[in-house]
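To keep things clear, I will list the structure first and then write my remarks on it.
Values below: all heavy atoms of this structure, side chains included; hydrogens, waters and symmetry mates excluded. In what follows, chains carry the letters A, B, and so on, assigned in the order in which the sequence lines appear, proteins first and then strands, with residues in each chain numbered from 1.
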Amino acid sequence: MIGAIDVTPTYYLVLASILFTIGSVGLLVRRNTLVMFMCIELMLNASNLTFVAYARALNDISGQVIVFFTLVVAAAEVAVGLAIIVAIFRRRQDVTADDVDLLKG
Amino acid sequence: MTARDVLDLAWVIPVLPAVGAAILLLFGKRIGEPKAGWLATMMMALAFLASVIAFFALRSLPPDQRHNVSDGFTWIESGGFRADFRFLVDPLSSTMTLFVTGVGTLIHLYSIGYMHGDERYPRFFAYMNLFAASMLVLVLGSNFLLTFLGWEGVGLCSYLLISFWFERNAAAVAGKKAFVTNRVGDFGFMLAMFLIFSKVGSLDYSQMGGAARLSQSTVTAIALLLFLGAIGKSAQLPLHIWLPDAMEGPTPVSALIHAATMVTAGVFLVVRAHPFFEFSDHAGTVVAWVGAITALFAATVALVQNDIKRVLAWSTISQLGYMFLAAGVGAYAAAIFLMIVHAFFKALLFLGAGSVIHGMHDEQDMRRMGGLRKYMPITAGTFVVGWLAIAGVFPLAGFWAKDEILARAYFDGSYALWAVGLVGALLTAFYMTRQVYLVFYGHERWRESDAPVAVEDEPHEPPWTMTVPLIALAGLSMVGGLISLPFTKLHLEFLTSWLEPVLADAPAPEISSFGGAFALSTLALAFAIVGIVVGRALYLNGLNADGTDPAAERLGGFANVLANAYYLDVGLARFVSGPVTAFARLLSVGIDHSIIDGAVNGVGGLAREGGRGLRRVQTGLVRNYALAIVFGTVALLVYVTTQARF
Amino acid sequence: MEAAVFFVCAAVILVGAFGVILARNPVHSALYLLVTLVGVAVLFLQLHAALVAAIQIVVYASAIVVLFLFVITLLGVDRHERLTDPRRFQRPAAVVLGVLVAVQIIVLAGRHWTTGVAPSGRALDPPRTGNVERLARSLFTDYVWAFEMTAVLLVIAVVGGVVLARRSGQRPVRADAAEPDA
Amino acid sequence: MLADVAPVVPTPSTLGFPLLTALVFVPAAGALLALCVPHRRPEVVRAVGYVTSAAVFAMSLFLFTQFGTGATESGYQLYESHSWIGTLGIRWTLGVDGISLFMVMLTALLMPIGLLASARIEKAKSFTVWMLLLEAAMIGVFLALDAIVFFVFFEFVLVPMYFLIAGWGHGNRRYAAMKFFLFTMTGSAFLFVGILSVAYLYARAPGHVLTFDVPKLTDWASANVGGATAKWLFCAFAAGFAVKVPLFPFHTWLPDAHTDAPTAGSVVLAGVMLKIGTYGFLRFAIPFFPQAAVDLAPVLLVLAVIGITYGAIVAAMQPNLKRIIAYSSVAHLGFVVLGTFALTRQGVTGGLFTMLSHGLTTGALFLLVGMLYDRRHTYELTDYRGLWKAVPVFGGLFVAATFASIGLPGFSGFVGEFLALLGAFLTSRWYVVVATTGVILAAVYMLWAVQRAFTGEPDEANRATPDIGIRELVTVVPLLGLSLFLGLYPKPVLDRFQPTVRALVEHVEAHSDLKVPPVSNLGPEGVQAEGVQK
Amino acid sequence: MIAAGAEPIAHPPVDWFAIAPEIALFAAAIVIVLGRSLIRHHPRVHEASLLTAIAGIAVSGLFVGLQWGFVHGDGPYQAISGMVAVDGFAVFVQSVILGATLLAVLLSAGYLEREGLEGPEYLVLMLCSATGMMLMASANDLIATFLALEILSISLYVLAAFDKRRLTSQEAGLKYFLLGSFSSAVFLYGIALTYGATGSTNLTKIAQFLAQHTLLHDGVLLIGLAFLLVGLGFKVAAAPFHMWTPDVYQGAPTPVTAFMAAATKAAAFAAVLRVFVGAFDAYRVDWRPAVWVLAVLSLLVGSIAAVVQTDVKRMLAYQSVAHAGYVLIGVQAATNKGTSAALFYVCTYAVMATGAFAVVTVVARRGDDRHSLAEYRGLAATRPVLAGLLTLFLLAQAGVPLTGGFIAKLSVFNAAVNAGQYSLALIGMLAAVVGAFVYLRIVLAMFAPADDEGAPEGPRITVDRSTGVALMIAAAAILFLGIVPGIVLDFARDATQLLAH
């Protein structure tokens, strides 16, 4: 039954879009900076999935190549991002984003 | 040098006093007290001399060519508009210059003594000279605009001289009041000039014959607007309010400006612009009635005044009313005639009053005078001449002038005007009699007690510089009537025939019956004598024993109304100034500050509020910022949805 | 078969994603993230991207998630997050906007997700043989410049990490300035 | 329609040296020089200021002698044009015509006077620098014939003035300075968009390249921009200039700025800067869009009339002497706008003359009030009393200035107001009837002020006030003397206005349905406007 | 499973000349890193790093100049598989970035010494960030743009958080990082969708594709476009994606703020112009209104929010949002005129912003936290030259004539009016009025007497040599741009050829 469905790239793309949305909503609702950051990873993954799905749909290898770069970016972001979070934690003993509001107005 | 060459130099006449004024303004302090006065007087005398020369030069021309425009330059020129700085000498302006400079010289001379010891002595003569120059520009101007220059110049000098003793608040206020009230008239004058230019294409007097071709409404509008100017300057109802207050100025000023010359400028303007009044059907009537009513009104007010100068001031208003009455009925020459003789006797009266004030150490209240003829015989004598002249006693100057006006009104068919004039004449005789008796006869009410007053404190006759003008003016008041006697057949109406070229548009009607004229004169004389007799009867001993005024006593409560000039001034203050001030305050505080500036600041406040709002949005929470980003994204996506091809 | 795999993976991925944003403990979130990453990796395989799938597991699932877990444990913040949000509008608004985004994307894209035309010569290899060579070829020809750019990125990551992580021996210049809330 | 109106052709300078450019640059160079003088040598700074401004005045006199006065010389003279910002089509184009000549001279005259009046001011160095920069910018405004160059100066003028008010003013000076700056900048926002729009409409026409050259834009826009476009653009220009003038209801910055500015600032502000607005109307708004100007003239006339009466009434109610004079400027500039938008030769001439005259008389009044402030440190009328007695010469000068300001015939103010009213009467009679009441009101508020401040017996504080000094006399007397001279002999000025004004009015008539009703000619000799034949 | 007989990979020819500027800059960074590691304790390591950085910038500038000569002569071209564009546009933006970097480095030198911060790493990050910006300016492929964006952003996250003594600095770093990554993710997703819709990430190819095909269903493309706009809008700090700006600008070390405002904006706008005006020219009807709204919002929000601020740095931050709005006015004209106007504006803004923030750096003194308006009270009396310079920069930002700011505004409004956008020009001018109010508030404070409310005590304000040089350069540049802008305007005009083929 399920097997009868022809899974076109569109399926993957819709899935990716939902994943992207969940990631962005997660960023908005969570207060823990680490989790917020994980949500960004979800969004990047959604993009990756989109690229790969398009690679398949367009029959073009570029989409897959781009994922490599995304991975590098993600890695670099994680390295720096976590370092920032750690640095802040050292001072404040807390990773809740809402408490970081010295700058406002 | 031909006569025309001489007349081309007419600019000299106003320039002489102008130079005097300039010198005195710049170097007055250095010139010092007596010299400044003498310089000013000399300038006036020279101007008089020049006027006389101009008069004879003009006379030497045939009557129809007695019209000359002097050398000068273009003053204002723009587009099709042009006004020259040139002086017109014709019989009218020549006459005016003669009496302005003549009387002016005498009053300058008088002032030398009168102003003795004043701390701003040179300044006074500077203003006086400036006034004379302005007045001469006014009468000699070859177009309305130049006349307006003089018109405003005399207004300025009037302001400066009324508030000459500006330390006194009343003087300062009076000066301002005079100028502002005059400006109301100027409003009319200016609009009249605009209308004339737009309809006639020029402001030159030589072009005013064109008035004949204007529509009736235009010509009436012009005439009435000019008359508005004249009302302001000549203190006619309802713009008369400034003149009584103007008595705050030094007495020579009152004599020169507020009796003899400046205030008659309105009459001069009407005569100068007579084509408009002639060709208008109704303007003349308006002028005559305003004049008549003012004459009567002012005369009644004069009945109960106690200030020696205020009586004369109201009298001046009244006499000016007569002049307008004359002008209104087309008797322009008669108006000028009265103007001239009025200048003589009213200047005389004012100077006499000044002499009294001088002698009484600045006392102006007639209730504290009396019996002065013993101490000031020359003053008293000349004052009596002035009194009889203004009262219209034969054969003094006033008789002839007033008689001519009343006759013209009568033969014009305006019996009501004539009757009003007659009643006015009676009142005039009465209030002048009252003044003379209060001041020069009766008890010496100025003595506080029976204690003898030190000799130097007693009233005394002024120095010769002051008495000479009195005597001269008294002489003129006596014989002034000679310049125009109503005996056409004998060619004795010199003034009328002299002015004829100017007034060609307004020929005097032939007075048909000499007998009728004689009867009218007799009646007028009778009225004057009645006034004198009644006045003498009431005031022979001055005031009543209890210090009350006999006439006021008989008038009862109405005396108060008269004393306050029918409350016009007060009413104006209360019902016009009050609301106007309130309105102005509303504009400046309510509208300007609150609404307009408030709106401006409101816009600023709006930005500030917006900033505060944005500030609240900027919570400092990173998730909120992300929310804003997502919100923007959604908005963009919504927009994109409207653009996309599905 | 493909459909079955897809739907199972999709379910796993979504469960993982929701887990990330709903788990109260960050450690759990990280683990849910791992679930999602693995699910995505499977889908990569489905899409003929074997190498990418492998890298996904190696770099993402192992390296990155481990790094997350490491930091969580290092900092000892594996406490439960309070569920109440101090800004009450934030969560409903976030959900509404999120739904809107998803709906917009899906509606707009509709059934026409792909409109582009692939350039010739860079086609995927047939599924059986894999794409490694093609991928390498593309990476070192078409994308060689991008590849070189990643070098800068890595340098930054290293330097940045070092700078931030180092406990500086610098003294605060002004106590009040350095510790506004101390 | 006068179809054969020749386009106004600029006459290039034949001097062999760029006089107009020098007029702009000499003060700027002076400012730079003053900037280099050390702080502790204020006397050197002052000397630089005096010498520079005096040199500029001398140059403006030279300009006067070089200015052609023939009846046909209606165009721009001493025209210079050099490339400046080629990419944007902006050229450094300067020229002078009858309209700008006297504005330049007025600026050049008021500047040394302003500096001299401020001889005792603190922080002399920066003061002098700002004043000289202001002079350069203002002269630039009047000489610029490239719309953007004009705008550059128009906008730049704000900066020195802002600093002069904020730095050397009194009272609520910072508020005033800020208000002044923001108000004018708001207006110029519209002006700027207007300028750009005209230039682009021009550039879009076939065969045209982008230019901001005023003569070219004038010729083209007046003939080719019409209808609603022209009206909108006219409004954009008008908004910019109306704030500067200022027209009711955009005037509220003026009393604040004038009152709180230092004396020299007030003099320049009232003397020159307000005229930039009316100058802008004459240089841009009206020639660019004649039909729109004619169509919208009633609006401006109404605002002008409101300004005249309203300004006067509000002035009367002010308790502060300087504020009274400030509000009187609103009224005076109302006459200028009234005359200008009468669009008759007399009206425009009158407006121009009033611009000049107001600079002299109000300048003198502000100088005098400033001296009073130096002595008494107050502007409140209630603090003054009987000053005339205490300071007779000063009082005399003040009264003279008062009457000059009221527009007494014999002073320059009258010539301008009379011509403006006369010109307006020909086309817009009833506006003039209302506006003429301003003549009465002017006397009311000025004389009332004089009465309150100068008459009566002085109290102790006022009695001790020293009279005017020589330096102060030197600042005031030339202004009043000039006002008197021009009131009695305005011909040198009017003659130079004439060709330009004539060309302007003909330009408007040729490109609009304006019909100035011909003045009737009913004189007996049938010769009109020839004066009296001898 | 590489077949043994597979042919070797043939590298595309690497055009070293095309990438020389970036390489020079990055090389300087590497040299500093190496030097720092090898000779750690040498006392002069700071000076050496500084000189290296300046040398790197200089060499890079030299190459940019050479490229300009080449492009001018032989025309623009693409290099390295079409990923790098060597054209006037890149040259212009790179020049601006280099200039801004130079000023920022000069500014930082004194700052680092004053604050006692780790110099070499800071410079490395700044140079790397600048390298990213340079790459962004020349990127002709969305992937290259994305990578460049990440390079510059990640360096800036670290730089923003660099001053570890101040919590505010770290907070700025964290906020910037979280939001920046978020927007990068959105941007990346946009790239993905664009790739799907057009089949390529290469801007030239996208443009060609869109020029040759009319999409029957362009939903995906438009979503992609929207996401690209969000990502880039975030970087240029356009409202409503601007909210990080005030916080980050305020918290970051002031020289970093200057660098962010000046150079980042230039790079980000280069990307905006290349992507929208260049590649998506065919879709101008769709994106222009969106940019219109962004421009208006930025103008209003940036100006109005600054009105009530009391912190000078924050005021300037908000105003930088407004300035983004002005540049967007030029962008949304979508014409050559608009592009060159935007370029000129970016160039001018770089100078004005760096200058203003330089003075802010100096006034903040040791601790970098004296930014409130009260600190500026009486500055004109105590430090007239400094106050004068700040006045100049602020007036330039307000758009006063005879400064570069005026010409910049003139150019963008010029472009807007040319494109028929009268209302936009008007709104821009009115926003400038509000902006002027903000700037004048600062100026007023400086010229107010110091004793009005008693200026807070603090260490003496000192201007070190390199900061002084930076200030002088900025001041001279701003006057140069205002009085004889012709050269730069011509440069910007010639640089509008966006896409090299």
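Note: E/Tyr189 OH to A/Ser17 OG = 4.5 Å, rounded to the nearest 0.5 Å. Rounded to the nearest 0.5 Å, atoms CD (E/Glu150) and OG1 (A/Thr70) are 9.5 Å apart. If you take OG1 on E/Thr194 and OH on A/Tyr54, they are separated by 9.0 Å, rounding to the nearest 0.5 Å. Between A/Asn48 atom CG and E/Leu188 atom CG the span is 7.0 Å, to the nearest 0.5 Å. Atom CD1 in A/Ile85 sits 12.0 Å away from atom CD in E/Gln170 (nearest 0.5 Å). Here the straight-line distance linking atom NZ of E/Lys164 with atom CZ of A/Arg90 works out to 7.0 Å at 0.5 Å rounding.
Looking at E/Thr201, the atoms closer than 4.5 Å to chain A (heavy atoms on both sides) all sit in the side chain, from C-beta outward. For chain A, the nearby part of E/Phe227 is the side chain; its heavy atoms alone come within less than 4.5 Å. Contact annotation for E/Ile191: both backbone and side-chain heavy atoms come within less than 4.5 Å of a heavy atom of chain A. Of the two parts of E/Leu178, the backbone and the side chain both hold a non-hydrogen atom closer than 4.5 Å to a non-hydrogen atom of chain A. For E/Phe177, the part sitting under 4.5 Å from any heavy atom of chain A is the side chain, from C-beta outward, and nothing else. For a residue to count as touching a neighbouring chain, one of its non-hydrogen atoms must lie under 4.5 Å from one of that chain's; by this rule E/Ala172 touches chain A with backbone and side chain alike. With a 4.5 angstrom heavy-atom cutoff, A/Ala87 touches chain E via backbone and side-chain atoms both. If you measure heavy-atom distances from E/Val220 to chain A, the contacts under 4.5 Å come from the side chain alone. Heavy atoms closer than 4.5 Å to chain A are found nowhere in E/Ile151, neither backbone nor side chain. Contacts between A/Ile88 and chain E at a heavy-atom distance below 4.5 Å involve backbone atoms as well as side-chain atoms. For A/Phe20, the part lying under 4.5 angstrom from a heavy atom of chain E is the side chain only.
Counting heavy-atom pairs closer than 4.5 Å to chain E, the top residue among A/Thr50, A/Val72, A/Leu44 is A/Thr50. Among A/Ala57, A/Gly63, A/Ala53, the residue making the largest number of heavy-atom pairs under 4.5 Å with chain E is A/Gly63.
Residues A/Ser47 and E/Ala192 approach most closely at O-CB, 4.2 Å, considering heavy atoms. Residues E/Gly173 and A/Ile84 approach most closely at O-CD1, 4.1 Å, considering heavy atoms. Of all heavy-atom pairs spanning A/Asp60 and E/Tyr195, the tightest one is OD2-OH, 2.8 Å.
Side-chain atoms of A/Glu77 do not come within 3.5 Å of backbone N or O of E/Ser181 as any donor-acceptor pair.
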